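What follows is a single structure, written as structure tokens, with notes after it.
Small disclaimer: the values here were computed from a predicted structure and weren't measured.
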Amino acid sequence: MIGHLFAKWGSSMRSLAKDERGATLVEFGFVAPILVVLVMGVFDIAHTQYTSALLNGAMQRAGRDLTLESAGSQQSTIDGRVVSIVSEVLPNTVTVELEKLSHFDFSDIGQPEFFTDDNGDGICNNNELFEDMNDNGQWDPDRGQAGIGSARDAVLYTATVTYPRVFPMASLIGLDENVTLEASTVLRNQPFDEQDRTLETGNCT
């Protein structure tokens, strides 16, 4: 009797080993997570590129509008248009930071203020004299002055956009949960007046 049961059990095991029904479902179970992450990753990249293109387009238009003589009274409208365009394709939790830095010339953008390096250490300190090019009373590693400046000034207009990823796949592949995009445009104000090149000086502490 026992031998008959073992024989029947062995026959059942052989039949089960040859049975391939449901194999596709099991295989799909292994492949599905990778496939889903891959698809979400492709959509995430596409969405990011699309948002970046919208942001750059909005900044280019804003740059053209800011060169006009009437830009001083239209800044909030111009800024609002940039925020509106970007917000249309992003979650409600998006943050948009806008910064305008005016400079006397294009060559001043991203440059530190001049100072007399008496001790040769490359640092403005020990009461060394510096040119306060942005008129804020202290030495700065960037000469830019907040705002759009005045006549003929070169302006660096930057937008930084931060938002949570639209597709929930960041934690699965070790990416940051948030996306940060940045776009800049450089413009020169219309020459409706002469530039003021008066510079104050100060001493570094």
Side-chain angles (χ1 to χ4, degrees), residues 42-114 130-167 170 175-202:
V42 170
F43 278 110
D44 184 77
I45 292 172
H47 181 267
T48 301
Q49 293 300 317
Y50 177 65
T51 304
S52 179
L54 279 181
L55 176 61
N56 279 280
M59 291 297 290
Q60 289 174 11
R61 178 179 177 181
R64 291 192 296 269
D65 293 341
L66 283 172
T67 62
L68 302 178
E69 187 171 352
S70 61
S73 62
Q74 298 294 320
Q75 286 189 64
S76 59
T77 301
I78 295 170
D79 290 347
R81 188 183 302 123
V82 173
V83 174
S84 176
I85 290 174
V86 173
S87 298
E88 288 179 359
V89 296
L90 293 176
N92 294 332
T93 52
V94 61
T95 60
V96 182
E97 297 178 2
L98 302 173
E99 180 183 54
K100 304 181 191 74
L101 293 176
S102 62
H103 307 76
F104 185 79
D105 200 359
F106 289 115
S107 60
D108 291 324
I109 294 176
Q111 297 299 314
E113 292 178 322
F114 293 114
F130 73 93
E131 293 184 358
D132 191 11
M133 303 180 76
N134 56 17
D135 197 29
N136 67 352
Q138 64 181 29
W139 180 87
D140 291 294
D142 192 313
R143 303 173 189 173
Q145 185 174 22
I148 62 173
S150 55
R152 300 176 188 270
D153 283 353
V155 182
L156 175 65
Y157 184 30
T158 303
T160 303
V161 177
T162 304
Y163 62 93
R165 292 186 184 275
V166 178
F167 300 94
L175 294 179
D176 195 324
E177 293 288 348
N178 294 318
V179 177
T180 300
L181 300 176
E182 185 176 291
S184 299
T185 185
V186 180
L187 56 114
R188 184 184 285 280
N189 296 329
Q190 285 189 359
F192 49 88
D193 201 351
E194 292 298 322
Q195 282 178 292
D196 180 9
R197 191 52 167 167
T198 304
L199 291 176
E200 299 293 333
T201 59

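- Closest heavy-atom contact between V89 and H47: O-NE2, 3.0 Å.
- Of the inter-residue distances, the one linking H103 atom NE2 with Q111 atom CD reads 9.0 Å to the nearest 0.5 angstrom.
- To the nearest 0.5 Å, atoms OH (Y163) and OG1 (T48) are separated by 3.5 Å.
- Within 6.0 Å of the CZ atom in F43, the count of heavy atoms belonging to other residues, nucleotides or ligands does not exceed 12.
- From R61, atom CZ reaches atom OG1 of T185 across 13.5 Å, with rounding to the nearest 0.5 Å.
- Here the CG-CD distance, from D65 to Q60, works out to 12.0 Å after rounding to the nearest 0.5 Å.
- In plain terms, the two heavy atoms of L156 and S184 that are nearest each other are CD1-CB, 4.0 Å.
- When every heavy atom of R165 is checked against every heavy atom of D176, the shortest pair comes out as NE-O, 2.7 Å.
- T67 places a side-chain N or O within donor-acceptor distance of the main-chain N or O of R64, the cut-off being under 3.5 Å.
- Exactly one of L98, V82, L55 qualifies for a side chain to side chain contact (heavy atoms under 4.5 Å, CB included) with V161. That residue is L55.
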Practice task
Walk me through it: do L66 and K100 pass the test side-chain contact (heavy atoms from CB on, under 4.5 Å)?
Solution key: CA-CA 10 Å; L66 283 172; K100 304 181 191 74; 4.1 Å; yes
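- Pairing each heavy atom of N189 with each of I148, the nearest pair is ND2-O, 2.7 Å.
- Proximity of a side-chain donor or acceptor of S84 to a complementary backbone N or O of G80 within less than 3.5 Å is not detected.
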Practice task
Give the intermediate values and the outcome of side-chain contact (heavy atoms from CB on, under 4.5 Å) for residues Q145 and N136.
Solution key: CA-CA 8 Å; Q145 185 174 22; N136 67 352; over 6 Å; no
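- In this structure, the side chain of T162 does not engage the main chain of T95 through any donor-acceptor pair within 3.5 Å.
- Closest of all the heavy-atom pairs between A62 and Y157 is CB-CE2, 3.5 Å.
- Across every non-hydrogen atom of N134 and D142, the tightest pair is ND2-O, 3.4 Å.
- Listed for the D140 side chain is no donor-acceptor partner under 3.5 Å among the backbone atoms of R143.
- Atom CD1 of I85 is separated from atom CG of L90 by 12.0 Å, given to the nearest 0.5 angstrom.
- Distance check: E113 CD to M133 CE gives 7.0 Å after rounding to the nearest 0.5 Å.
- With salt bridges taken as basic N to acidic carboxylate O contacts below 4.0 Å, one links D105 and R188.
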